[in-house]
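I have placed the structure first, in the form of structure tokens, so that the comments after it can refer back to it.
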Amino acid sequence: MPVRPLPLAARVRKDRSPIHGNGCFARVPFATGERIGTFEGPAVTADGPHVLWVYDAAGGVLCARRGDNLLRWLNHSADPNAEFDGFDLYARRPIAVGEELSIDYGGAA
């Protein structure tokens, strides 16, 4: 029988961030390339707080979701430890328990 992954809330938590406001922190260690979770929320057509834009190569369009799960608390880093493939978040390198998850906002500081 396949092992079912832990729910997102068992894998990450929201807490105060030294980067900015609130952040998303690892509850468990993540290995390089490991899937952390999926950025979930309703589809939107305008930018705003907690909105993630991704390029859908198959459709040739940008699409966006307004985050309503714990991954909405991701902060920017010039040296991020995680990255999105579509709306799925993966570890770019090993991530330790308690470490803040960060992504590159694509040129935004």
Which heavy atom of [X] sits nearest a heavy atom of [Y], and at what distance?
| X | Y | answer |
| --- | --- | --- |
| Ser102 | Asn81 | N-OD1, 2.8 Å |
| Gly86 | Val54 | O-CG1, 3.2 Å |
| Leu89 | Ala82 | CD1-CB, 3.7 Å |
| Phe30 | Ala91 | CB-CB, 4.1 Å |
| Ile19 | His76 | CG2-O, 3.7 Å |

- request: Any pair with a residue in residues 8-25 that passes salt bridge (Lys or Arg N to Asp or Glu O under 4.0 Å), sequence neighbours left out, goes on the list, sorted by first then second residue, please.
  value: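 Counting only pairs at least two positions apart or across chains, the salt bridge (Lys or Arg N to Asp or Glu O under 4.0 Å) contacts touching residues 8-25 are Arg11-Glu34, Arg13-Asp15.
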
- prompt: Restricting to pairs with a member in residues 72-88, which pass salt bridge (Lys or Arg N to Asp or Glu O under 4.0 Å), not counting sequence neighbours?
  reply: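 Of all non-adjacent pairs touching residues 72-88, those that pass salt bridge (Lys or Arg N to Asp or Glu O under 4.0 Å) are Arg35-Asp88, Glu83-Arg92.
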
- request: Sort and list the pairs that fulfil side chain to side chain donor-acceptor pair (under 3.5 Å) and have at least one residue in residues 51-69, not counting sequence neighbours.
  value: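 Found Asp47-Trp53.
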
message: If the test is side-chain contact (heavy atoms from CB on, under 4.5 Å), which one of Cys24, Pro80, Pro18, Ser17 qualifies with Asn75?
response: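 Exactly one pass, corresponding to Ser17.
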
- prompt: Got Ile36 and Tyr90 here, is their nearest side-chain heavy-atom distance under 4.5 Å?
  reply: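 No, too far: nothing below the 4.5 Å cut-off.
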
query: Taking side chain as C-beta onward, heavy atoms only, is Val12 less than 4.5 Å from Phe25?
result: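 Not in contact.
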
query: Between atom NE2 of His50 and atom CZ of Phe39, what is the distance when rounded to the nearest 0.5 Å?
result: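 Separation between the atoms: 8.5 Å.
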
task: Enter the distance from Leu74:CG to Leu101:CG here, rounded to the nearest 0.5 Å.
output: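 CG of Leu101 is found 6.0 Å from CG of Leu74.
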
Consider only side-chain heavy atoms of I, L, V, M, F, W and Y, link residues closer than 4.5 Å, and tell whether [X] and [Y] are in one cluster.
| X | Y | answer |
| --- | --- | --- |
| Phe87 | Leu70 | yes |
| Phe84 | Ile95 | yes |
| Leu62 | Leu52 | no |

Those residues that, when tested against Pro7, pass side chain to side chain contact (heavy atoms under 4.5 Å, CB included) (two or more places apart):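 Scan of Pro7 (side chain to side chain contact (heavy atoms under 4.5 Å, CB included), adjacent residues dropped) gives Ala10.
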
field: Residues in side chain to side chain donor-acceptor pair (under 3.5 Å) contact with Ser77, at least two apart in sequence or another chain
entry: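 Per chain and number, Ser77 pairs via side chain to side chain donor-acceptor pair (under 3.5 Å) with no residue.
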
message: Which residues pass the side chain to side chain donor-acceptor pair (under 3.5 Å) test with Thr32, not counting sequence neighbours?
response: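 If we apply the side chain to side chain donor-acceptor pair (under 3.5 Å) test to Thr32, skipping adjacent residues, there are no hits.
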
